[in-house]
Structures are given as structure tokens and as C-alpha cells.
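Worksheet: one structure, shown below.
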Amino acid sequence: MNNTNSDVVWEGPSWRVRSYQLTRPDGNTVEKAYVEHPGAVVLVPLRGDEVLMLRQYRASLSDTILELPAGTRGETEDWASCAQRELREETGYRAESLTALGHVWPAPGYSDEVLAIYLAQELHPDPLAADFDEIIELQPMALETVEAMARDGRLRDAKSIIGILRAAAYLQASSPADP
């Protein structure tokens, strides 16, 4: 298939909507659109055996939800720099150790956004001012608890579910086996 006649139809401060014509293999065309996004980071900040979860108001849901810290990357911002910035803004901590846990597409049906997932460890207080439009409450929770919530459906935020499960798998694989 071939994408042609692409135009930005809306642009905001961090992403835009692009409309295009899709030419199908049979020669027919259809108009489509998607969100162009610079990417974002998702952090699993681990302090001891606790994950620093957030309760954050999400206007799109008209609700406060439980989720991992995350945020949009600047167009030219390095992924790890973005991870540290978001961690400091949303939790007040800096990580001495950032472990990349891979990338995922959160919504490939309507966006080209990529999420980079990081395990953040060896945390030290180093806050940055939070974004003016974010209403966030830090809620430390045992990793075992949030992993169970990710598995049984109590945790509903997709990026958080993936981040928690990947971090738990990584930590289990990297811990020494019991004798």
C-alpha cells in the first residue's frame, strides 16, 4: 500500500494530526489520518521493593487513575534524558541506574507513537517542577501488589501494565537463583 498527499491538519505543542490518502493494492484510495508523535517514556521507579506509582487526573477519562510515571519526549531529546526529566518532574527522584526494557506501540491503529520503557533504580531526591497542567499524587506500592494488579485487571492503564510486567520479568531473570 502507498501513502500519498499527506497534510498536517492539526498541530499542538507536542504532537500533530496528519491526513493522507492511502492507495490500496486494487488502486482504490481512502482518506486516513493518524497522530504523529515524537515518542514518550514510561518509567518503573523502584525504591527498595516499592514502585513509585502515581495517581493522576486524566481529563480524557474525567477520572484520576493509577499509573506509572511517563511523559512525551521532545522532538530531538535523547530517550534517557527524557526518562530522567520525567522521573524528576513526576516523582521528585533521579535514577542512578536506568535499564531499558524495550519499546512498544501503544496505539498503532491511529498513532506512530513509540513508548520506551525503563526500570529506574538507585533513586535519589532531585525534584524538578512539575508540568503546570498535571495533577499528580505519588503513591508508593509494593512491586508484588502492582504486579498482581496488572495481572488481575485492577490496573487498567496499558503502559503501566506493560511496564510493571516487563520490570517484574527482568528483575526475576536477573536475581540469583535460590540454592
Side-chain angles (χ1 to χ4, degrees), residues 1-45 51 53-87 89-90 98-120 131-136 146-173:
M1 293 209 254
N2 188 22
N3 296 351
T4 58
N5 300 331
S6 171
D7 292 305
V8 172
V9 295
W10 182 87
E11 188 163 359
S14 59
W15 51 271
R16 56 196 150 272
V17 176
R18 182 170 293 279
S19 175
Y20 63 97
Q21 295 291 318
L22 177 65
T23 303
R24 297 169 29 97
D26 63 9
N28 289 316
T29 61
V30 61
E31 186 173 348
K32 302 287 264 177
Y34 68 95
V35 173
E36 265 185 353
H37 196 285
V41 295
V42 179
L43 295 135
V44 184
V51 177
M53 299 293 291
L54 307 178
R55 290 223 175 262
Q56 183 167 201
Y57 180 76
R58 292 296 188 178
S60 58
L61 302 173
S62 298
D63 201 1
T64 299
I65 67 169
L66 184 65
E67 61 183 303
L68 287 171
T72 300
R73 182 176 73 97
E75 289 282 345
T76 61
E77 188 176 21
D78 172 78
W79 289 98
S81 297
C82 177
Q84 286 287 12
R85 177 181 52 77
E86 287 295 337
L87 182 64
E89 286 175 3
E90 295 191 352
L98 280 177
T99 303
L101 299 176
H103 295 81
V104 296
W105 294 307
Y110 66 84
S111 178
D112 67 356
E113 180 181 14
V114 173
L115 296 177
I117 304 167
Y118 289 92
L119 174 62
D131 289 341
F132 73 95
D133 63 340
E134 293 180 323
I135 302 168
I136 296 174
V146 291
E147 183 181 3
M149 292 172 71
R151 293 183 185 284
D152 69 18
R154 288 178 288 158
L155 186 59
R156 296 178 54 198
D157 176 57
K159 71 183 180 306
S160 298
I161 293 167
I162 294 166
I164 292 295
L165 295 179
R166 285 202 179 174
Y170 171 83
L171 291 166
Q172 183 178 4

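- Other residues, nucleotides and ligands place no more than 12 heavy atoms under 6.0 Å from the OH atom of Tyr110.
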Please list every donor-acceptor pair under 3.5 Å in which a side-chain atom of residues 26-39 meets a protein atom from a residue at least two apart or in another chain.
unit_1, atom_1, unit_2, atom_2, d
Asp26, OD1, Asn28, N, 2.9
Asp26, OD1, Asn28, ND2, 3.3
Asp26, OD2, Arg24, NH2, 3.2
Asp26, OD2, Asn28, ND2, 3.1
Glu31, OE2, Ser19, OG, 2.9
Glu36, OE1, Arg16, NE, 2.7
Glu36, OE2, Arg18, NE, 2.5
Glu36, OE2, Arg18, NH2, 3.4
His37, ND1, Gly39, N, 2.9

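- Residues passing the side chain to side chain contact (heavy atoms under 4.5 Å, CB included) test with Arg151 are Glu147, Leu165, sequence neighbours excluded.
- Residues Trp105 and Val114 are in side-chain contact: their nearest non-hydrogen atoms beyond the backbone lie under 4.5 Å apart.
- Residue pairs meeting the salt bridge (Lys or Arg N to Asp or Glu O under 4.0 Å) criterion with at least one partner in residues 159-169, sequence neighbours excluded, are Glu67-Lys159, Asp157-Lys159.
- Across all non-hydrogen atoms, the minimal contact from Gly71 to Cys82 is O-SG, 4.1 Å.
- Separation of atoms CD1 (Ile135) and OG1 (Thr64) is listed at 7.5 Å; rounding is to 0.5 Å.
- Residue Trp10 qualifies as enclosed at atom CH2: its count of foreign heavy atoms under 6.0 Å is above 12.
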> When you look at Ser62 and Tyr57, which way does the side-chain contact (heavy atoms from CB on, under 4.5 Å) test go after all the steps?
Replying inline: CA-CA 7 Å; Ser62 298; Tyr57 180 76; 4.2 Å; yes
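- The closest side-chain heavy-atom distance from Trp79 to Val41 is below 4.5 Å.
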> Could you walk me through whether Arg73 and Glu86 pass the salt bridge (charged side-chain N to carboxylate O under 4.0 Å, His left out) check?
Replying inline: CA-CA 9 Å; Arg73 182 176 73 97; Glu86 287 295 337; over 6 Å; no
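- Using a distance-only test at 3.5 Å, with no hydrogens or angles considered, a donor-acceptor pair links the side chain of Asp78 to the main chain of Ser81.
- When the options Ile65, Leu68, Ile161 are evaluated for a side chain to side chain contact (heavy atoms under 4.5 Å, CB included) with Leu155, the one that passes is Ile161.
- Remark: of the listed residues Val104, Val44, Val42, Val104 is the sole one forming a side chain to side chain contact (heavy atoms under 4.5 Å, CB included) with Ile162.
- At distances below 3.5 Å, at least one donor-acceptor pair connects side-chain atoms of Glu90 with backbone N or O atoms of Ala70.
- Taking the side chain as every heavy atom from C-beta outward, Tyr118 and Pro45 never approach each other to under 4.5 Å.
- Side-chain contact between Met53 and Ile164 is present, with heavy atoms from C-beta onward closer than 4.5 Å.
- Summarising the local packing, CZ of Arg154 is surrounded by more than 12 heavy atoms from other residues, nucleotides or ligands at distances under 6.0 Å.
- Around atom OH of Tyr170, no more than 12 heavy atoms belonging to other residues, nucleotides or ligands sit under 6.0 Å away.
- Exactly one residue among Leu101, Ile117, Leu98 makes a side chain to side chain contact (heavy atoms under 4.5 Å, CB included) with Leu43. That residue is Leu98.
- Pairing each heavy atom of Pro106 with each of Pro108, the nearest pair is C-CD, 3.9 Å.
- Using a 4.5 Å heavy-atom cutoff, the side chains of Leu66 and Gln56 are not in contact.
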